[in-house]
Each structure stands twice: as C-alpha cells, then as structure tokens.
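Numbering of residues begins at 1 and proceeds along the displayed sequence. From a predicted model like this one, the values you see are computed outputs, not experimental measurements.
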Amino acid sequence: MADPLVGRWELVSYALDDGRRPLGDAPTGTLLYTADGYMSVHMSGADRPRFGTRTAAEGDPPHLVAAGSTYVGYCGRYEWLGDRVAHRVTVSFFPDYVGTELVREAELDGDLLTLRAYPPSVRATPVLVWRRVTAAADGTVTAGRPPDGAGR
C-alpha cells in the first residue's frame with residue numbers, strides 16, 4: 001500500500017483542544033513527508049517582529065525570546081502506522097525533542113490531514129490541520145487556507 005502522507009502539506013490551523021492558539025490566529029507552516037521515510041515540519045506565528053540585524057546571532061535577548069516562542073521546527077525519520085504517524089526526531093529547535101518519538105493520531109479526509117498528539121495530554125492536546133499542496137501539469141501549485149478562515 002502506498003504511503004498517503006508522502007508530499008508537501010501547508011498548515012491550515014494549529015490550536016490546543018482547550019481553544020488556545022500557541023502561534024496565534026494565522027500561523028504558517030510546511031510539513032514534508034518523503035517516500036524514503038523522512039519528515040520535516042516548520043511552523044511560525046504570523047507577524048513575527050524582525051530583528052533588524054543581518055543574522056539571528058546578532059539579535060538581542062528580547063528578540064530571541066519572541067522568535068523562539070513563535071516557532072516550532074523538527075525533522076527526522078517517520079513511520080506511517082495507519083491511524084497514527086510516528087516522528088523520530090533527530091534535529092529540533094526544541095532540544096528536548098531530539099532522540100524522542102512523537103506519535104500523532106492521523107486523520108485523512110480528502111486533501112486535509114489532521115494530526116493530534118498521542119496519547120492526548122492531560123493539560124491540552126495540540127490539534128493541527130494541514131492541506132496537501134499539489135502541482136498541476138503546468139507547474140502551478142494549489143493549496144492554501146480555506147476561504148474565510150474555515151477550518152480554524
């Protein structure tokens with residue numbers, strides 16, 4: 001059976017099941033799954049303040065804290081388990097993820113993929129909705145947020 005996750009996905013929404021939105025109301029993000037078993041995810045809040053410097057290393061502590069609190073990123077191997085996906089983290093912005101396995105409940109509905117942390121958290125469980133990005137024969141790419149913020 002072909003792996004239904006392979007491809008590029010664009011973030012539609014990211015919220016906790018208690019209603020909080022860790023990256024704000026309009027986060028952006030890309031999730032990649034490759035045919036040879038690798039994954040990468042990057043998400044950030046919209047309207048992140050710029051540092052006004054040439055490199056991140058030149059940023060002052062308040063800018064670094066703001067940037068770190070509005071960004072999520074990690075990569076590694078993954079395994080599709082049918083109703084779940086396991087992300088085996090090898091590189092992460094958050095060092096404590098490295099060497100861990102992050103399991104997500106996965107629900108596919110057409111071009112939408114919903115991922116929920118598994119097992120659910122006793123505090124609040126992250127729920128992420130992704131839309132598959134597809135390229136037409138002419139090279140145009142289609143994806144994006146549902147009209148009028150639907151699905152948020």
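Side chains of Y118 and D83: no donor on one and acceptor on the other come within 3.5 Å. Under the 3.5 Å distance criterion, with hydrogens and angles disregarded, a donor-acceptor pair is assigned to the side chains of H42 and S40. Side-chain atoms of R48 and T70 include a donor-acceptor pair closer than 3.5 Å.
When each of T30, L112, L31, L32 is paired with W9, the side-chain contact (heavy atoms from CB on, under 4.5 Å) condition holds for L31 and for no other.
Shown here for W130 and L115, the closest heavy-atom pair between the two residues is NE1-CD1, 3.9 Å. When all heavy atoms of G59 and L64 are compared, the closest pair comes out as O-CD1, 3.6 Å. When all heavy atoms of A106 and L113 are compared, the pair lying nearest together is CB-CD1, 4.2 Å. Scanning all heavy atoms of the two residues, the minimum distance from S44 to Y71 falls at CB-CD1, 4.1 Å. Here the shortest heavy-atom pairing between E58 and R54 reads OE1-N, 3.6 Å. A26 and A46 get closest at one heavy-atom pair: O-CB, 3.2 Å.
The aromatic rings of Y33 and H87 sit tilted relative to each other, their planes meeting at an angle between 30° and 60°.
Shown here are the side-chain hydrogen bond (donor to acceptor under 3.5 Å, both in side chains) partners of R88, two or more places apart in sequence or in another chain: E79, E101. In this structure, V65 has no side chain to side chain contact (heavy atoms under 4.5 Å, CB included) partners at least two apart in sequence or on a different chain. Every residue two or more places apart in sequence or in another chain that forms a salt bridge (Lys or Arg N to Asp or Glu O under 4.0 Å) with D18 is listed here: R20. Contacts of R50 classified as salt bridge (Lys or Arg N to Asp or Glu O under 4.0 Å), with partners at least two apart in sequence or in another chain: none. With sequence neighbours excluded, the residues forming a side chain to side chain contact (heavy atoms under 4.5 Å, CB included) with F94 are S92, D96, Y97, listed by chain and number.
A donor-acceptor pair is defined here as one N or O able to donate and one able to accept, closer than 3.5 Å; such a pair exists between the side chain of D17 and the backbone of T125. A donor-acceptor contact shorter than 3.5 Å is absent between the side chain of R104 and the backbone of V127. In terms of modelled atom types and a separation under 3.5 Å, the side chain of R132 and the main chain of V6 share a donor-acceptor contact.
Atoms CZ and OG1, from R77 and T90 in turn, are 9.5 Å apart once rounded to the nearest 0.5 Å. Going from atom CE of M39 over to atom OG1 of T34 covers 10.0 Å, rounded to the nearest 0.5 Å.
V85 places a side-chain heavy atom less than 4.5 Å from the side chain of L5. With contacts defined as side-chain heavy-atom distances shorter than 4.5 Å, the pair T28/L11 does not qualify. Side-chain contact between V98 and Y74 is absent, with no heavy atoms from C-beta onward closer than 4.5 Å. Within the 4.5 Å cutoff, the side chain of M43 has heavy atoms near those of the L128 side chain.
Within the structure, the ring pair (Phe, Tyr, Trp, His ring centres under 6.0 Å) test picks out the following pairs touching residues 44-68 (sequence neighbours left out): F51-H63.
Cation-pi contact between R21 and Y14: absent, since separation from the ring centre below 6.0 Å together with deviation from the ring axis within 45° is not met.
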